[in-house]
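Worksheet for the structure shown next.
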Amino acid sequence: MKRTLFNEDHEAFREAVAEYTTRTLVPRHEQFIAQHGFDRDIWLEAGKQGLLGLEVPEEYGGGAAGDYRFNAVLGEELAKVSAAFSSCFGIHFDVCAPYLVELTTEEQKKRWLPRFCSGEMITAIGMTEPSGGSDLAALRTTAVKDGSDWIIDGSKTFITNGYTADLVIVAARTSPEKRAKGITLFALEEGMPGFTRGRKLDKVGQPESDTAELFFEGVRVPAENVIGEIDRGFIHMMERLPQERIGSAVSNIAHAAQILVETLQYVKDRKAFGQSVGSFQHNKFLLADLVTRVEVTQAYVDQAVEAHNRGELSAVDAAKAKWWSAEVQNSVLDHCVQLHGGYGFMNEYRVARAWQDARVTKIWAGSNEIMKEIIGRDLGL
Ligand SMILES: Cc1cc2nc3c(=O)[nH]c(=O)nc-3n(C[C@H](O)[C@H](O)[C@H](O)COP(=O)(O)OP(=O)(O)OC[C@H]3O[C@@H](n4cnc5c(N)ncnc54)[C@H](O)[C@@H]3O)c2cc1C
């Protein structure tokens with residue numbers, strides 16, 4: 001079905017993003033996979049193309065798009081190349097941006113946003129800890145007041161862009177007795193004494209993204225690096241998680257749709273028993289099923305993007321879009337591997353990598369179980 005979400009401006013932007021990914025990311029993809037991370041110039045080039053500051057006001061170097069559909073286009077085009085590109089850039093332009101634009105003081109905006117937009121400052125967000133990610137209110141990293149500064153102790157894990165980030169938004173406990181109501185967000189910056197990174201984590205998919213552990217040992221953070229209100233960090237995160245989840249859903253379905261298109265071509269070309277493998281009735285029906293599943297899911301995700309653009313996307317609907325798209329993505333890609341036969345299990349084939357890359361989408365940004373918990377609660381259960 002023809003999608004009705006985008007207009008000519010979005011499609012022109014899509015072309016510009018596709019030009020960037022084709023010229024800058026695709027030729028060096030294998031290199032980034034081998035080195036488990038991107039080179040800095042990739043970020044700088046994205047900054048030059050105006051891709052990083054879509055949500056940032058013009059006075060701080062951003063594009064001030066004021067339209068979430070541009071974020072969606074960017075997420076889709078990156079996901080078509082690799083789920084990891086979409087994730088790493090997405091954490092910066094789609095997940096961290098709202099914190100740094102909406103919750104910051106004028107002084108902080110001037111200090112951080114121009115470099116955020118240019119790609120000179122890469123960002124990450126640290127919520128998850130080794131002791132747990134789903135139960136965010138139970139986080140253990142502490143921030144204790146010392147004069148006007150805060151002293152931060154603890155650790156985070158599985159942090160996307162964690163190894164290279166210049167600024168990490170860190171959730172820490174400021175009021176031990178208050179659980180969710182005792183969490184504050186801090187900007188920890190590269191070079192702060194006591195702030196160290198562990199190894200780049202060895203993942204089963206998305207090898208090109210840097211995912212790291214972060215350690216904080218008596219890190220002195222000035223009051224000027226508090227983001228938002230003291231003890232309101234949990235609310236700040238809850239208010240912004242729907243955007244993170246709809247961003248994930250956009251990428252999930254774009255990623256699956258792209259590999260499905262490539263698989264369709266493969267099954268037309270590949271022969272067995274004297275005919276193309278796609279022409280066996282079993283496979284023809286299977287592909288009809290997969291194409292339908294992707295299109296139906298796309299329609300729901302598009303509706304959610306529209307709702308978010310109007311400022312009306314609920315946490316519940318974002319949760320539905322996120323878990324469902326992750327489920328469809330994973331099942332579609334599993335079938336795509338099967339349709340490729342043995343080649344589907346070879347890392348040199350995009351389908352094999354895509355299948356590995358997709359597994360995490362049922363876990364991160366709130367696992368599928370947590371998404372269903374949110375939906376179930378809304379049902380009064
Ligand atoms: C590659 C990667 C990148 C990531 N990037 C980031 C990042 O940039 N920043 C960040 O902060 N985090 C990041 N994460 C962390 C991610 O968000 C967490 O892994 C996720 O929220 C789950 O937390 P956990 O791993 O601690 O699992 P747990 O919370 O220990 O959960 C374990 C299992 O129990 C289930 N479970 C938990 N509670 C319930 C419940 N109430 N009902 C039913 N089942 C339940 C979970 O669904 C899961 O299946 C990333 C993770 C990965 C793998």
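For the single chain, residues carry numbers from 1 onward in sequence order. Whatever order the structure lists ligands and atoms in, that order sets their numbers, starting from 1. Predicted, not measured: the structure shown is a model, and the values here were computed from it. As a basis for the values below, the full set of heavy atoms in this structure was taken, side chains included, without hydrogen atoms, waters or symmetry mates.
- The ring of Tyr266 has its center closer than 6.0 angstrom to the ring center of His340.
- More than 12 heavy atoms of other residues, nucleotides or ligands sit less than 6.0 Å from atom CZ of Phe280.
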Starting from the N and O atoms of ligand 1, collect every protein N/O partner closer than 3.5 Å and put each pair on its own line with the distance to 0.1 Å.
residue, atom, partner, partner atom, Å
ligand 1, 5 (N), Phe158, O, 2.7
ligand 1, 5 (N), Thr160, OG1, 2.8
ligand 1, 8 (O), Thr160, N, 3.0
ligand 1, 8 (O), Thr160, OG1, 3.4
ligand 1, 9 (N), Ile125, O, 2.9
ligand 1, 11 (O), Met127, N, 2.8
ligand 1, 11 (O), Thr128, N, 2.9
ligand 1, 11 (O), Thr128, OG1, 3.2
ligand 1, 12 (N), Thr128, OG1, 2.7
ligand 1, 14 (N), Phe158, O, 3.4
ligand 1, 17 (O), Ala365, N, 3.4
ligand 1, 26 (O), Gly133, N, 2.7
ligand 1, 29 (O), Ser134, N, 3.0
ligand 1, 29 (O), Ser134, OG, 2.7
ligand 1, 47 (O), Ser367, OG, 2.5
ligand 1, 47 (O), Glu369, OE1, 2.6
ligand 1, 49 (O), Glu369, OE1, 3.4

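- Between Asn225 and Arg111, some side-chain heavy-atom pair lies under the 4.5 Å cut-off.
- Aromatic pair Phe93/Phe70: ring centres not closer than 6.0 Å.
- The shortest distance between side-chain heavy atoms of Glu59 and Lys110 does not fall below 4.5 Å.
- Aromatic rings from Tyr60 and Phe116 are positioned such that their centres are separated by 6.0 Å or more.
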